[in-house]
Amino acid sequence: MDSAEFHAAVYEKVRLIPPGKVTSYGHIAKLIGMPNHSRHVGQGADVNPPLPWQRVIGSSGTISDRGPGTNGAQRQREELEAEGVEVTVGRTGEFRVDLRVYGWFPNSVDDVQPDDHPNSGDEE
DNA sequence: TCCGTGACGATAC
DNA sequence: CGTATCGCCACGG
């Protein structure tokens, strides 16, 4: 698979993420059949069109910080909250989403159905 | 070719 | 929750 195909595959998955939900880079990588390319998923972020990357965060529910001076993470937080996603802020200023509530991790995009509730019966 | 680096992941402590 | 280590792979120097 070429890098172009890779990015295209990532694009298809990311655009399927429903509003009010978030997933992780690793899961996107798994969906496209490359579970070890988690880092490349994010790496292609700047070469892809304006995808809803705000819904793609780390496996721990943390939003990556692009470094000081960048308001990207802050913007993502606002975008997510606008969609109804509760974003918390740690003492070190990191943004965090509760994956137990807002996580979107279907076994495959083929498993995603309009009438389905992939997150039903959660909580623990 | 090797090395450093990176919107990552998982495990160990 | 924090740091440390290893694994993964593409890119540039």
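Chain letters run A, B, ... following the sequence lines, proteins first and then strands; every chain starts at 1.
A pairwise comparison of heavy atoms in Glu12(A) and Arg15(A) identifies O-CG, 3.1 Å as the closest pair.
Annotation: side chain to side chain contact (heavy atoms under 4.5 Å, CB included) contacts of Thr62(A) (sequence neighbours excluded): Ser60(A), Arg96(A). By the salt bridge (Lys or Arg N to Asp or Glu O under 4.0 Å) test, Glu79(A) pairs with no residue at all, sequence neighbours left out. Partners of Asn36(A) under the side-chain hydrogen bond (donor to acceptor under 3.5 Å, both in side chains) rule, at least two apart in sequence or in another chain, do not exist in this structure. By the side chain to side chain contact (heavy atoms under 4.5 Å, CB included) test, Glu86(A) is found to be paired with Tyr102(A), residues two or more places apart in sequence or in another chain being considered. Scanning for side-chain hydrogen bond (donor to acceptor under 3.5 Å, both in side chains) contacts around Glu94(A) gives Thr92(A), with sequence neighbours left out. Judged as a salt bridge (Lys or Arg N to Asp or Glu O under 4.0 Å), and not counting sequence neighbours, the contacts of Glu83(A) are Arg55(A). In this structure Thr23(A) satisfies the side chain to side chain contact (heavy atoms under 4.5 Å, CB included) test together with Ile17(A), His27(A), Ile28(A), Val56(A), Trp104(A), Phe105(A), sequence neighbours excluded. For Pro35(A), the side chain to side chain contact (heavy atoms under 4.5 Å, CB included) test picks out Lys30(A), with sequence neighbours left out.
Between the CZ atom of Phe95(A) and the C1' atom of dA7(B) there is a distance of 14 Å, given to the nearest Å.
Counting any heavy atom pair closer than 4.0 Å across all strands shown, Ser24(A) reaches sugar-phosphate atoms only and no base atom.
Ring orientation note: the planes of Phe6(A) and His37(A) are tilted relative to one another, at an angle of 30° to 60°.
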Check the interface with nucleotides 10-13 of chain B: list each N/O to N/O pair with the protein under 3.5 Å, or write none.
from    : atom 1 : to       : atom 2 : distance (Å)
dA10(B) : OP2    : Ser59(A) : OG     : 3.3

Provide a list of protein-nucleic acid N or O atom pairs under 3.5 angstrom, restricted to nucleotides 1-4 of chain C.
from   : atom 1 : to       : atom 2 : distance (Å)
dC1(C) : OP2    : Arg96(A) : NH1    : 3.4

Fill in: Annotated protein contacts, base or backbone, on nucleotides 6-13 of chain C with a non-hydrogen cut-off under 4.0 Å, one of B, S, - each
-BBBSS--

